Amino acid sequence: MGACMSGEPSLLVQPVVVRAAPTSVQDAPSESNELSLEQLGIHVPPIPGDIGLCGHLSEEVTRSLAPRYASWVYMNEADSKEFLQPVLQQSVKRLEVRPFPGPDPLPSDAQVAAALEAMDTLPRPLMLQCSTGNRAGALLLLWLAKKHGYSAEAARQFAEDMDLKFWMQCARCGPTRDWLLTKLPASDAGPILKPAEGLIFSQLFDPETWTFTYLLGCQETKEALLIDPVLEQKERDLTVLRELGLTLRYVVNTHAHADHITSGGLIRKELPEVRTVISKASGAKADVQVEPGAKVTFGRFSIEGLATPGHTDGCMSWLLPGSPSRVFTGDALLIRGCGRTDFQQGDSGRLYDSVHSKLFSLPGDTVVYPGHDYKGRNVSTIDEEKRFNPRMTKSRDEFVKLMSELNLPYPKKIDIAVPANMVCGVQD
C-alpha cells in the first residue's frame, strides 16, 4: 500500500475519482510548454503510449512535468531524500509509493504484486519513477508481459523493439533482466508435426539474408514447388530436388522481396517447364499472376493464396490444408514479430488487419512457417502467435504507432533486390 508521511496528506487513502483525465501524455495539460518530454529526460515507449519512465529529477523539472500526469508511482522508499512528495502532491491526482528494488536485492513477490496492482488501477497518463528509470522500465515490461500473456522470448523482443534502457543500455541490470524472464513462461517449443501422408516437405535456410525457402512435393506424382527461393541458393535447391527425385512445377514468391533476389527467373531459364507465381497485386512479372483464393497444385496437393498485404501491397500467404494445416506467411507474420511497413507501399494498419482477419482466423493449431527468422526459430502456430506475438497482441492503434517508431535501417540489398524481383529476378 502507499506509505504515509507525517505532517502531509496520505499518499493514498481512498481512490480518487478522476474525470476527463488525458488519454495520452502528449494530450495532458502542462504548466510549461517550453520543454519537451525528451528534453526533460523522460522516456515514453510508444506501447502503451500513456506511461512515462524517469529517474530522479530536479525540483524545477518536476514542477514542469508533474501537471502532465494523472498518476505518479515512486518506486524507491518513501523516506528517500530525492522524493519530492510535496511538489508532486500539488499537481498529480494520485501519488503512490510502491518500492520495487533491484538488482540487489530483487523485488519480493509482495512488492511485485503491489506494483502490478498500481499499474492496473491508476488513471492515465501515469509516470513511473525510480533512481535512474531502469527499474521503471523493468516494471513496465513485466506489467505488459503479464497483461498480454507474453512468453520470455516475446518479452525480450518487445524490450528490444521499445529500446527500453534497462534492457539495451544498462550494464548492471543483468540480474534484473534475468529475474524478469523467470517470471514469464519460457519460450514455447515448436509444434511436433506428423508428416502428412504422401507429402514431401523441407524447410531450407539462407544464413546471409535469414530467409526460409520451402520445398513441397507429392510422393505419388513426384511434382513439387518452391516457395521464396533465394538466388544464391539456386544450386542447393535444385540439388535437393534431384536427390529426392522430384520434378519442379512452380516457383512461388510470397511478395517482391527487398532483402534478397529470387532465383525463380534463373530456374525457369534452366528448366523452361517451370512456372513462376506471384500475386497480381504485387505488380511484378511472373508466368502466373494470381488473385486471392487461387490454388497452385502439385500432384494431389494444393496451396491456396490468402491476401495479406501491409508489408507490401502484394503480399500473399499460402495455406496448405491438412491436419494440422500449414500456412506460409512470407513477411506478413513472423515468429513473435512481423514484416516492416516503412517501404514498398507498406501500411501498418493494413498489415494488422490482414494478420488478424486472414491469419488469426485460421484454426489455432495451424502451423506457421515464416519467411524469415533472426533468432534461431523456425516454426510456430497461429495459437502461439495470437497469445505471444508482442506486436500483434496490441490494439490496432498501438501497433501502428509502434511500427512508425521502429526506425530500422533499410535492407542492404534493397536497391538491387526490388528492381530484380519485379522482373522475377532476371534483369536484361
Side-chain angles (χ1 to χ4, degrees), residues 193-204 212-229 237 241 244 246-257 262-265 267-268 271-333 339 353-371 379 381-382 421 424-425:
L193 289 178
K194 294 181 179 179
E197 186 176 353
L199 176 70
I200 298 171
F201 174 79
S202 182
Q203 183 185 52
L204 304 164
F212 287 121
T213 295
Y214 298 95
L215 184 158
L216 285 72
C218 175
Q219 183 68 53
E220 181 180 334
T221 67
K222 302 300 182 181
E223 293 183 337
L225 61 80
L226 289 172
I227 298 176
D228 288 341
D237 298 343
L241 287 160
L244 297 176
L246 297 174
T247 300
L248 184 62
R249 293 301 186 198
Y250 296 98
V251 169
V252 180
N253 281 297
T254 56
H255 62 292
H257 304 274
T262 178
S263 62
I267 288 177
R268 189 181 182 284
L271 302 172
E273 69 276 12
V274 173
R275 292 293 175 260
T276 56
V277 181
I278 200 167
S279 73
K280 185 176 181 180
S282 71
K285 293 182 178 180
D287 296 309
V288 184
Q289 295 178 320
V290 295
E291 301 278 5
K295 293 184 178 180
V296 178
T297 299
F298 56 106
R300 63 183 186 85
F301 296 95
S302 294
I303 55 174
E304 178 183 350
L306 306 175
T308 49
H311 171 62
T312 71
D313 275 351
C315 285
M316 184 168 282
S317 298
W318 290 91
L319 178 67
L320 176 66
S323 298
S325 297
R326 311 178 193 210
V327 63
F328 303 88
T329 56
D331 288 14
L333 179 65
D353 294 340
S354 294
V355 171
H356 280 261
S357 65
K358 298 296 180 61
L359 299 179
F360 282 1
S361 61
L362 296 172
D365 65 349
T366 301
V367 183
V368 175
Y369 287 106
V379 65
T381 65
I382 290 296
N421 287 326
C424 205

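Fair warning: this is a prediction, and the values are worked out from it, not measured in the lab. Any value given below was found using the heavy atoms of this structure, including those in side chains, with hydrogens, waters and symmetry copies removed.
Closest of all the heavy-atom pairs between Thr276 and Ala286 is OG1-CA, 3.4 Å. Of all heavy-atom pairs spanning Ser263 and Pro229, the tightest one is OG-CB, 3.2 Å. Residues Leu225 and Leu248 come closest through the heavy atom pair CA-CD1, 3.7 Å. Pairing each heavy atom of His255 with each of Ile278, the nearest pair is C-CD1, 3.8 Å. Nearest approach of Cys218 to Leu246, heavy atoms of both residues: O-CD2, 4.4 Å. Annotation for Gln289 and Lys280: closest pair CB-CA, 3.9 Å, computed over non-hydrogen atoms.
The shortest side-chain heavy-atom distance between Asp228 and Phe212 does not fall under the 4.5 Å cut-off. Side-chain contact between Pro324 and Thr366 is absent, with no heavy atoms from C-beta onward closer than 4.5 Å.
For the atom pair Leu226 CG and Asn253 CG, the distance stands at 10.0 Å (nearest 0.5 Å). Taking CG of Leu241 as the start and NZ of Lys222 as the end, the distance is 12.0 Å to the nearest 0.5 Å. Rounded to the nearest 0.5 Å, atoms CH2 (Trp318) and OG1 (Thr254) are 10.0 Å apart. Between atom OG of residue Ser325 and atom CG of residue Asp365 there is a gap of 7.5 Å, rounded to the nearest 0.5 Å. Atom-to-atom distance recorded for Asp331:CG and Thr312:OG1 is 8.0 Å, nearest 0.5 angstrom. Between Leu199 atom CG and Glu220 atom CD the span is 12.5 Å, to the nearest 0.5 Å.
A distance-only check finds no donor-acceptor pair linking the side chain of Ser202 to the backbone of Leu215 [under 3.5 Å].
Within the cation-pi definition used here (under 6.0 Å to the ring centroid, within 45° of the axis), Arg326 qualifies as a partner of Phe201.
In this structure, Tyr214 has its ring center closer than 6.0 angstrom to the ring center of Tyr369.
Not counting sequence neighbours, Ser357 has no partner by the side chain to side chain donor-acceptor pair (under 3.5 Å) test.
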Side-chain donor-acceptor pairs of residues 298-310 under 3.5 Å, sequence neighbours excluded:
| residue | atom | partner | partner atom | Å |
| --- | --- | --- | --- | --- |
| Arg300 | NH2 | Glu197 | O | 2.6 |
| Ser302 | OG | Thr297 | OG1 | 2.7 |
| Thr308 | OG1 | Ser317 | N | 3.4 |
| Thr308 | OG1 | Ser317 | OG | 3.0 |

For this session: Output, in order, the C-alpha distance, side-chain angles, deciding distance and verdict of side chain to side chain contact (heavy atoms under 4.5 Å, CB included) for Ile267 and Asp237.
Result: CA-CA 10 Å; Ile267 288 177; Asp237 298 343; 5.5 Å; no
